[in-house]
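The structure appears below as structure tokens.
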Amino acid sequence: MLEIKNLHANINGKEILKGLDLVVRPGEVHAIMGPNGAGKSTLASVLSGNQAYEVTKGEITFYEKDLLEMSPENRSREGIFLSFQYPVEIPGVSMVNFMRTAINEHRKYKNMEALSATDFLRTMREKKELVEMDNKLANRSVNEGFSGGEKKRNEIFQMAMLDPRLSILDETDSGLDIDALRIVANGVNKLKRADNASIVITHYQRLLDYIVPDFVHVLYNGRIVKTGGKELALELEEKGYDWIKKEVDGE
Amino acid sequence: MSEELLDQVTQADYKYGFVTDIETDIIPIGLSEEVVRLISSKKNEPEWMLEFRLKAYRHWLTMEMPEWAHLKIPAIDYQSIAYYAAPRKNAPQSLDEVDPELLKTFDKLGISMEEQKMLSGVAVDVVMDSVSVKTTFKESLAELGIIFCSFSEAVENHPELVQKYMGSVVPYADNFFATLNCAVFSDGSFVYIPKGVRCPMELSTYFRINAINTGQFERTLIVADDDSYVSYLEGCTAPMRDENQLHAAIVEIIVMNNAEVKYSTVQNWYPGDKNGVGGIYNFVTKRGICKGVNSKLSWTQVETGSAVTWKYPSCILLGDNSSAEFYSVAVTNHHQQADTGTKMLHIGKNTSSHILSKGISAGQSQNSYRGLVRVNPKAENARNYSQCDSLLLGDKCGAHTFPYMEVNNDTAIIEHEATTSKINEDQIFYCNQRGISTEDAVGLIVNGYAKEVLNQLPMEFAVEAQKLLQITLEGSVG
Ligand SMILES: Nc1ncnc2c1ncn2[C@@H]1O[C@H](COP(=O)(O)OP(=O)(O)OP(=O)(O)O)[C@@H](O)[C@H]1O
Ligand SMILES: [Mg+2]
């Protein structure tokens with residue numbers, strides 16, 4: 001579904017992604033690991049169309065469509081979802097209003113009628129249960145005053161609501177307590193189907209205990225420098241990145 | 001935010017620009033004592049009303065247009081304006097008799113009277129070009145002793161009330177625009193709530209400018225007698241016009257012992273086009289007096305329209321323990337200019353006032369908050385809290401805050417907070433990532449920003465106001 005070829009991207013004139021390749025097929029879970037500052041969040045931003053980043057080279061296709069030509073909102077409507085590493089607060093905008101607008105925009109894009117208030121509220125209730133989200137949170141403004149963990153849970157709630165084809169989870173595990181991690185990860189697993197896929201960015205094996213990846217990639221210095229199965233994550237947990245850095249830098 | 005984005009959002013056209021084809025009866029343009037007399041005689045006014053007009057007109061001749069506001073206004077030629085226009089047909093008694101053109105106009109605005117009537121039980125007193133065309137629910141209100149009618153009808157049927165209260169809050173010599181209004185006012189609304197009566201429905205008036213080059217000079221007078229309550233709504237949109245149109249309204253509110261008045265406005269006069277051509281000049285004098293003990297007055301305004309807005313709904317806190325509130329959202333886009341705020345004059349003991357102002361500027365617009373809090377020497381234990389926030393969309397617009405404080409009593413507690421922020425691109429991107437276009441995102445974010453004020457509006461108005469904020473900012477971020 002997703003094909004990234006030789007992707008180069010800048011922020012403020014500084015090159016962060018330096019020839020990244022990645023192919024994701026339906027049904028797959030890809031974990032992306034790598035040292036701080038390697039470019040993981042940058043990749044997520046570029047995929048979701050954040051205009052702060054400039055793509056200087058390479059191509060990205062999503063279901064045969066040129067993703068780089070698409071506006072961020074259309075990428076979302078095409079089924080790309082990003083669970084943000086740092087979700088923003090939108091004071092005064094209720095979760096209900098926000099989600100309803102989002103869902104109906106997605107539906108409009110697919111030439112579907114807007115959801116009725118009752119159907120919408122029912123969906124919202126179901127999905128809240130999936131991530132065991134507190135009713136109170138759903139009645140508040142988007143992320144406003146949410147704790148770090150609550151924000152992450154809210155991201156997965158939104159993912160459940162929008163039912164994406166490709167979800168990118170950027171350090172969704174950070175900030176979650178042990179129980180929340182399990183709940184959120186189980187939520188993600190329940191959303192998994194043969195026709196969707198996810199890219200899971202994380203630093204820790206513990207998330208991958210729950211969300212078992214088909215591939216583990218190491219992103220270093222703007223490129224994917226190593227790819228393996230789920231055992232690679234265990235190896236990294238044990239040995240760190242130095243050996244990979246040496247391999248790459250020594251080339 | 002990128003220039004391109006900004007350009008797109010700021011480029012939207014005014015959605016309510018259309019002209020209703022209704023015959024109007026216009027007095028020749030220009031202003032003179034003769035014109036004042038002509039207006040009065042067309043309305044069959046009593047002598048005292050004519051005298052009031054003439055007194056004001058003669059005083060107006062000695063006055064000059066104020067220049068202290070943060071506004072750039074081209075010279076206005078008061079001799080090129082028509083001061084009176086009235087629909088030719090007689091005022092109809094039921095909806096069936098209302099000009100279908102007018103009904104169509106309201107449909108286009110999405111505020112059809114049918115809907116209004118069914119949804120909310122709002123009594124609508126429609127002012128189209130100056131003369132009251134239609135009043136609903138009047139009879140059921142009359143049973144409670146409530147008077148809700150056009151100003152002209154009040155002059156005719158309740159002269160004692162009009163004479164007692166007209167000019168008692170905004171004197172005829174108050175300011176240039178108010179004095180002009182006193183001389184040439186066309187019509188407006190009159191409300192009287194008798195002692196101990198809670199008005200069971202929101203009273204509402206829609207104003208609309210419709211004839212070429214016709215100034216609109218409305219006058220509203222609301223009197224809430226002891227222990228009464230009323231919530232009054234006023235809303236307006238105007239059709240697209242090239243010539244600048246002058247609007248100088250007066251609203252006077254009198255609140256007696258233990259009474260409460262809530263006054264809400266959604267103002268959406270034609271703001272001019274993207275290039276700043278056309279648009280309404282809106283110079284309004286709104287003032288209320290909390291005359292009795294424990295009286296309460298609350299102003300809520302949503303200002304999205306007009307090329308120039310000059311408006312400071314104010315309150316004189318005369319009664320002991322009286323309180324006043326001012327909630328305002330002012331949105332400016334393109335070349336609009338708004339200088340708006342409030343005055344809270346604390347005179348009685350234990351009076352309190354609360355000010356919450358949210359300014360939102362986009363395009364090349366200028367948006368100023370101007371507020372005065374004055375505590376008189378004898379106003380023991382006065383309390384004021386003011387918060388003025390400005391939100392900027394883009395970097396070609398301006399936001400200004402001019403808070404004035406005159407505190408002459410040591411027991412007063414006065415607090416003022418002000419913030420200025422730019423619309424946050426991360427918030428916009430977050431919305432985009434969920435499938436929400438930038439235009440809709442700006443609408444959501446701005447409505448969230450203004451929520452505390454919008455929450456003060458009656459339900460059916462709040463929905464309309466939210467749409468309006470979004471429409472006004474369409475094209476201001478892409
Ligand atoms: N606005 C910016 N201006 C300059 N450099 C930036 C900017 N934003 C990010 N960077 C740099 O880009 C590099 C990649 O950042 P990115 O957030 O993609 O890393 P990451 O792999 O997600 O790291 P982490 O594991 O810490 O989340 C970092 O060196 C960062 O400092
Ligand atoms: Mg990161």
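If you measure heavy-atom distances from L82(A) to chain B, the contacts under 4.5 Å come from both the backbone and the side chain. In this structure, the portions of D426(B) lying under 4.5 Å from any heavy atom of chain A include both its backbone and its side chain. Neither the backbone nor the side chain of P164(A) comes within contact range of chain B; no heavy atoms are under 4.5 Å apart.
For the pair Y86(A) and Y430(B), the minimum side-chain heavy-atom distance is 4.5 Å or more. Under the 4.5 Å side-chain criterion, counting only non-hydrogen atoms from C-beta, I445(B) is in contact with I90(A). Counting heavy atoms from C-beta outward, Q433(B) and S45(A) have side chains that stay 4.5 Å or more apart.
With sequence neighbours left out, P72(A) forms a side chain to side chain contact (heavy atoms under 4.5 Å, CB included) with Q51(A), F429(B), N432(B).
The distance from the CG atom of N50(A) to the CD atom of E425(B) is 9.0 Å, given to the nearest 0.5 Å.
Here the closest heavy-atom approach between residue G435(B) and residue S76(A) is recorded as N-OG, 3.0 Å.
Taking 4.5 Å as the heavy-atom cut-off, the residues of residues 100-113 of chain A that approach chain B are T101(A), A102(A), E105(A), H106(A), ordered by number. Contacts of residues 124-150 of chain A with chain B at a heavy-atom distance below 4.5 Å involve V142(A), N143(A), listed in sequence order.
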Q: Could you go through the side chain to side chain contact (heavy atoms under 4.5 Å, CB included) check for V93(A) and N447(B) one step at a time?
A: CA-CA 7 Å; V93(A) 178; N447(B) 274 304; over 6 Å; no
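Top candidate by heavy-atom pairs under 4.5 Å with chain B, chosen from Q158(A), E89(A), R75(A), is Q158(A). Comparing P91(A), G92(A), S48(A), S94(A) by how many heavy-atom pairs each has under 4.5 Å with chain B, the most go to G92(A).
Within 6.0 Å of atom CD in E452(B), 12 or fewer heavy atoms from other residues, nucleotides or ligands are found, so the atom counts as exposed in its surroundings.
Within the structure, salt bridge (Lys or Arg N to Asp or Glu O under 4.0 Å) contacts touching residues 153-165 of chain A (residues at least two apart or in different chains) are E78(A)-R165(A), E155(A)-R434(B), D163(A)-R193(A).
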